[in-house]
Enquirer: 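Handing you this structure, nothing more for now.
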Amino acid sequence: MAPVTSLTATVHQRLATALSATLPEAPADPLLRRSDRADFQANGILALAKKAKANPRELATQVVAKVESGVTSDLIKEIEVSGPGFLNITLTDAAITRNLAERYADEVRLGVPLAERPGTTVIDYAQPNVAKEMHVGHLRSAVIGDAVVQILEFTGENVVRRHHIGDWGTQFGMLIQYLLEHPHELDHKADGEDTAVSGEEAMSNLNRLYKASRALFDSDEEFKTRARRRVVDLQAGEPETLALWQRFVDESKIYFYSVFEKLDMEIRDPDIVGESGYNDMLDETCRLLEESGVAVRSEGALCVFFDDIKGPEGNPVPLIVQKSDGGYGYAATDLSAIRDRVFSQKANTLLYVVDARQSLHFKMVFETARRAGWLNDDVKAHQLAFGTVLGKDGKPFKTREGETVRLEDLLDEAVQRATAVVREKAEKVGLTEQEIVENGRYVGIGAVKYADLSTSAVRDYKFDLDQMVSLNGDTSVYLQYAYARIQSILRKAGETRPAAHPELELAPAERALGLHLDQFGETLAEVAEGYEPHKLAAYLFKLATLLTTFYDQCHVLSPDNAPEVVENRLFLIDLTARTLHRGMALLGIRTPERL
């Protein structure tokens with residue numbers, strides 16, 4: 001279906017045309033925004049009058065005359081000059097209803113247009129480490145990254161997902177050497193069967209191995225030497241060493257998939273390209289940087305220096321691409337990944353959903369890639385940096401014993417709390433035990449995701465499960481209940497079907513709801529452009545609060561209503577439900593039909 005032009009865009013165009021007709025020599029922006037005094041306010045005339053040395057109120061009056069002389073009866077009900085030269089604009093009820101009817105007819109996209117110039121974005125997110133448990137620190141990259149993927153794909157962008165897992169480095173020499181000397185230790189076969197059940201088992205095996213090998217590495221110098229030699233064998237591709245390394249990777253993937261399944265996230269095997277995926281490119285990356293003069297040798301290491309990046313002593317802090325012993329660090333891998341993503345994946349944008357504490361590293365990596373010509377005005381890299389998850393006390397989130405919180409434990413507790421909340425209301429709604437369990441999962445995981453996504457990514461946020469599963473306030477479950485409540489009303493309506501009636505006069509609460517529904521597409525465009533899912537969360541929360549006001553002021557199924565009023569109100573709330581459903585899905589959150 002054709003996209004729907006928003007009311008904002010239509011009014012903006014009418015005003016711009018009137019401004020151009022009044023002052024042809026000056027290009028004009030009406031500076032239109034939503035207003036409490038009317039439906040919209042235009043503030044652009046003040047700046048234009050100053051430029052043209054004209055009286056702003058007189059200019060505003062001329063613009064109003066031009067607008068009124070056009071065919072506006074279908075759109076603008078009233079336009080008045082206010083204050084020093086503002087314009088207050090009120091739309092006709094029919095224009096609002098007709099616009100929403102067009103959106104309603106498009107069940108898939110709700111009239112939201114695709115991006116005018118979509119490109120290819122490679123997004124690097126959800127980056128766990130092989131042979132290590134996922135903890136609360138892995139939550140934000142996964143949740144924020146998944147939401148941005150969904151939103152960008154909805155706008156028409158070609159999105160390439162990348163999970164840059166930690167699957168290479170010195171710890172694997174330690175693990176592999178230990179396993180060679182204790183072959184009975186890894187008894188669980190990573191055959192990929194029954195992954196949901198075996199995820200916990202897979203990680204407990206790996207965890208036990210990691211602790212045992214680390215203890216031996218720290219206490220036995222001879223084992224430490226053998227482990228370091230094993231790293232050289234791994235880097236050289238020695239078959240037995242590689243085969244054992246692959247077992248660790250496969251075992252870890254079983255675990256990763258079980259955690260991501262709990263998070264209700266789709267992680268596909270081809271999208272996992274870890275550090276090891278760029279091994280064959282490292283030599284060439286270093287050669288290209290050195291030959292072009294971007295990197296130089298300093299005390300045997302290959303380094304890139306920056307004028308504006310200094311250490312505590314005031315000395316330059318370089319990006320070390322290759323160590324003096326010939327080994328490679330994160331910089332070489334990250335720069336090789338940029339080359340692959342730009343030249344093989346043909347990306348226009350590289351997006352990294354990574355902890356804000358790594359900002360300096362990525363600033364240096366991006367600048368190095370720019371100097372090398374791999375990034376430029378047509379190919380940009382951006383770090384979507386995020387803050388820390390804090391406990392209720394405002395300090396980094398830890399267990400009582402001071403340990404980092406395991407991600408699985410956190411998700412399990414969220415689901416338990418949410419299931420208790422769902423169970424309290426289950427009898428009244430008539431939910432089955434299966435629905436209680438399923439909805440408990442959707443509400444619990446939705447609560448965790450929404451608490452993260454409703455906060456600006458760069459800010460820290462407090463992890464407070466009591467608040468997250470509350471039915472009141474800015475929470476996921478408040479939005480889920482709003483959706484379920486609409487479904488309940490639609491079921492009660494029986495054979496009375498939703499239908500738009502543009503001839504009806506709208507109540508203030510209906511107008512407010514309708515005008516907000518019209519802004520869904522513009523909100524998504526803004527969210528996609530700035531990678532800001534919190535703005536979508538804010539839009540949806542406001543939609544749910546406007547719906548609550550609508551319920552208080554406009555009874556939908558009242559026998560006192562004329563049939564066309566009932567149909568029109570059913571149409572309004574059904575479009576609201578579709579918008580909530582679509583918006584929540586873009587945040588990775590489910591909307592149960594009954595709650």
Side-chain angles (χ1 to χ4, degrees), residues 136 139-140 143-144 147 262-264 387-395 397 399 405 407-431 435-457 459-489 516 533-552 573 576-577 579-581 583-595:
V136 69
L139 179 65
R140 299 206 75 185
V143 169
I144 295 167
K262 276 188 180 176
L263 259 177
D264 201 13
T388 307
V389 181
L390 307 175
K392 284 186 190 180
D393 57 3
K395 296 175 182 171
F397 199 17
T399 63
V405 179
L407 184 51
E408 279 193 293
D409 292 345
L410 189 118
L411 298 177
D412 288 344
E413 189 182 350
V415 170
Q416 282 170 8
R417 296 276 191 97
T419 305
V421 170
V422 172
R423 196 176 290 282
E424 276 178 35
K425 290 185 171 278
E427 196 174 328
K428 186 179 173 185
V429 186
L431 297 182
E435 284 177 312
I436 292 169
V437 171
E438 191 172 82
N439 288 353
R441 197 167 76 246
Y442 294 157
V443 171
I445 298 304
V448 170
K449 289 183 176 182
Y450 187 83
D452 190 319
L453 295 169
S454 58
T455 307
S456 172
R459 289 175 52 198
D460 300 341
Y461 81 96
K462 287 184 184 178
F463 196 95
D464 182 349
L465 273 177
D466 292 327
Q467 173 55 33
M468 286 179 189
V469 298
S470 168
L471 302 179
N472 302 312
D474 188 3
T475 63
S476 169
V477 67
Y478 175 68
L479 302 181
Q480 288 169 320
Y481 266 109
Y483 176 82
R485 190 176 178 187
I486 294 172
Q487 297 311 316
S488 174
I489 292 171
H516 192 66
H534 70 278
K535 290 185 175 178
L536 175 55
Y539 170 88
L540 295 171
F541 177 61
K542 186 173 181 187
L543 182 60
T545 56
L546 289 169
L547 181 69
T548 302
T549 305
F550 168 85
Y551 283 141
D552 291 342
I573 63 168
T576 302
T579 307
L580 280 170
H581 175 75
M584 293 287 269
L586 293 175
L587 296 178
I589 299 172
R590 306 261 185 169
T591 41
E593 297 292 306
R594 300 187 335 136
L595 203 54

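What you are looking at is a predicted structure, and each value in this text was computed from that prediction instead of being measured.
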Enquirer: Is there a donor-acceptor contact under 3.5 Å from the side chain of Gln480 to the main chain of Pro592?
Expert: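 No; judged by distance alone, with no hydrogens or angles, the pair does not exist.
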Enquirer: Out of curiosity, Leu453 CG to His534 NE2, how far, rounded to the nearest 0.5 Å?
Expert: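 Spacing of CG (Leu453) from NE2 (His534) equals 11.0 Å.
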Enquirer: Any ion pair linking Asp264 and Arg441 (charged N to carboxylate O, less than 4.0 Å)?
Expert: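 A salt bridge is absent here (no side-chain N lies under 4.0 Å from a carboxylate O).
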Enquirer: Please examine the side chains of Val389 and Tyr461, heavy atoms only from C-beta on, and report whether any two atoms are closer than 4.5 Å.
Expert: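 Side-chain contact under 4.5 Å: yes.
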Enquirer: So how far is it from Leu411 CG to Leu139 CG, rounded to the nearest 0.5 Å?
Expert: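 Rounded to the nearest 0.5 Å, the CG-CG separation comes to 7.0 Å.
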Enquirer: Distance from Thr455 atom OG1 to Tyr450 atom OH, nearest 0.5 Å?
Expert: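 Reported value, rounded in 0.5 Å steps: 9.5 Å.
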Enquirer: Do the non-hydrogen side-chain atoms of Lys392 and Asp466 ever get within less than 4.5 Å of each other?
Expert: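 Heavy-atom side-chain distance check passes, below 4.5 Å.
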Enquirer: Has Tyr539 got a side-chain atom pairing as donor or acceptor with His516's backbone, closer than 3.5 angstrom?
Expert: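 Present.
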Enquirer: For Gly387, does its backbone N or O pair with a side-chain atom of Asp460 as donor and acceptor, under 3.5 Å?
Expert: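 No, because the side chain of Asp460 does not come within donor-acceptor range (under 3.5 Å) of the backbone of Gly387.
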Enquirer: Output the distance between atom OG1 (Thr579) and atom NE2 (His581), rounded to the nearest 0.5 Å.
Expert: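 That separation rounds to 11.0 Å.
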Enquirer: Using every non-hydrogen atom in the two residues, find where Leu595 and Tyr481 come nearest and quote the distance to one decimal.
Expert: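 Result for this residue pair: O-CE2, 3.3 Å.
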Enquirer: Between Ser488 and Ala484, is there a donor-acceptor pair closer than 3.5 Å when you use the side chain of the first and the backbone of the second?
Expert: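 A pair under 3.5 Å: no.
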Enquirer: Does the side chain of Phe463 come within less than 4.5 Å of Leu410's, by heavy atoms?
Expert: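 The answer is yes; the side chains approach within 4.5 Å.
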Enquirer: Would you say that more than 12 heavy atoms from the other residues, nucleotides or ligands in this model lie under 6.0 Å from the CZ of Arg594, or not?
Expert: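 Yes, enclosed.
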Enquirer: Evaluate the side-chain proximity of Arg485 to Leu547: yes if any heavy-atom separation is below 4.5 Å, no if none is.
Expert: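 Side-chain contact under 4.5 Å: no.
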Enquirer: Are the side chain of Arg417 and the backbone of Gly444 linked by a donor-acceptor contact shorter than 3.5 Å?
Expert: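 No, because the side chain of Arg417 does not come within donor-acceptor range (under 3.5 Å) of the backbone of Gly444.
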Enquirer: Ala447 and Val469: which non-hydrogen atoms are nearest, and at how many Å?
Expert: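 That would be CB-CG1, 4.1 Å.
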Enquirer: How many angstroms lie between CG in Asn439 and NZ in Lys425, if you round to the nearest 0.5 Å?
Expert: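 Going from CG on Asn439 over to NZ on Lys425, the span is 13.5 Å.
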Enquirer: Step by step, would you call Glu435 with Val429 a side chain to side chain contact (heavy atoms under 4.5 Å, CB included)?
Expert: CA-CA 11 Å; Glu435 284 177 312; Val429 186; over 6 Å; no
Enquirer: With no hydrogens and no angle check, is any side-chain donor or acceptor of Lys449 less than 3.5 Å from a backbone partner on Leu263?
Expert: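 Pair found, side chain donor or acceptor close to backbone of Leu263.
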Enquirer: Give me the atom names and distance for the closest heavy-atom approach of Thr419 to Gly440.
Expert: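 In terms of heavy atoms, the two residues are closest at OG1-CA, 3.4 Å.
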Enquirer: To check you understand the geometry: which heavy-atom pair defines the closest contact between Asn472 and Gln467, and what is its length?
Expert: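 That closest heavy-atom pairing would be O-NE2, 4.2 Å.
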Enquirer: State the CG-CD distance between Asp409 and Glu413, to the nearest 0.5 angstrom.
Expert: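 Spacing of CG (Asp409) from CD (Glu413) equals 8.5 Å.
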Enquirer: If you take all heavy atoms of Val443 and Ala418, which pair is closest and at what distance?
Expert: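 Shortest heavy-atom contact: CG1-CB, 3.7 Å.
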Enquirer: Of all heavy-atom pairs between Ala482 and Leu580, which one has the smallest distance, and what is that distance?
Expert: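 Heavy atoms of Ala482 and Leu580 come nearest at CB-CD1, 4.1 Å.
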Enquirer: Is any side-chain heavy atom of Phe397 closer than 4.5 Å to one of Thr388?
Expert: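 SC-SC contact between Thr388 and Phe397 ruled out.
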Enquirer: Quick one: does Leu479's side chain get under 4.5 Å of Ile589's, heavy atoms only?
Expert: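 The answer is no, as the side chains (C-beta and beyond) never meet within the 4.5 Å cut-off.
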Enquirer: For the side chain of Thr475 and the backbone of Tyr478, is there at least one donor-acceptor N/O pair under 3.5 Å apart?
Expert: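 The answer is yes, because a donor-acceptor pair under 3.5 Å joins these two groups.
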Enquirer: Kindly indicate whether the side chain of Val422, heavy atoms from C-beta on, has any atom under 4.5 Å from the side chain of Tyr442.
Expert: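 Val422 vs Tyr442: side chains apart.
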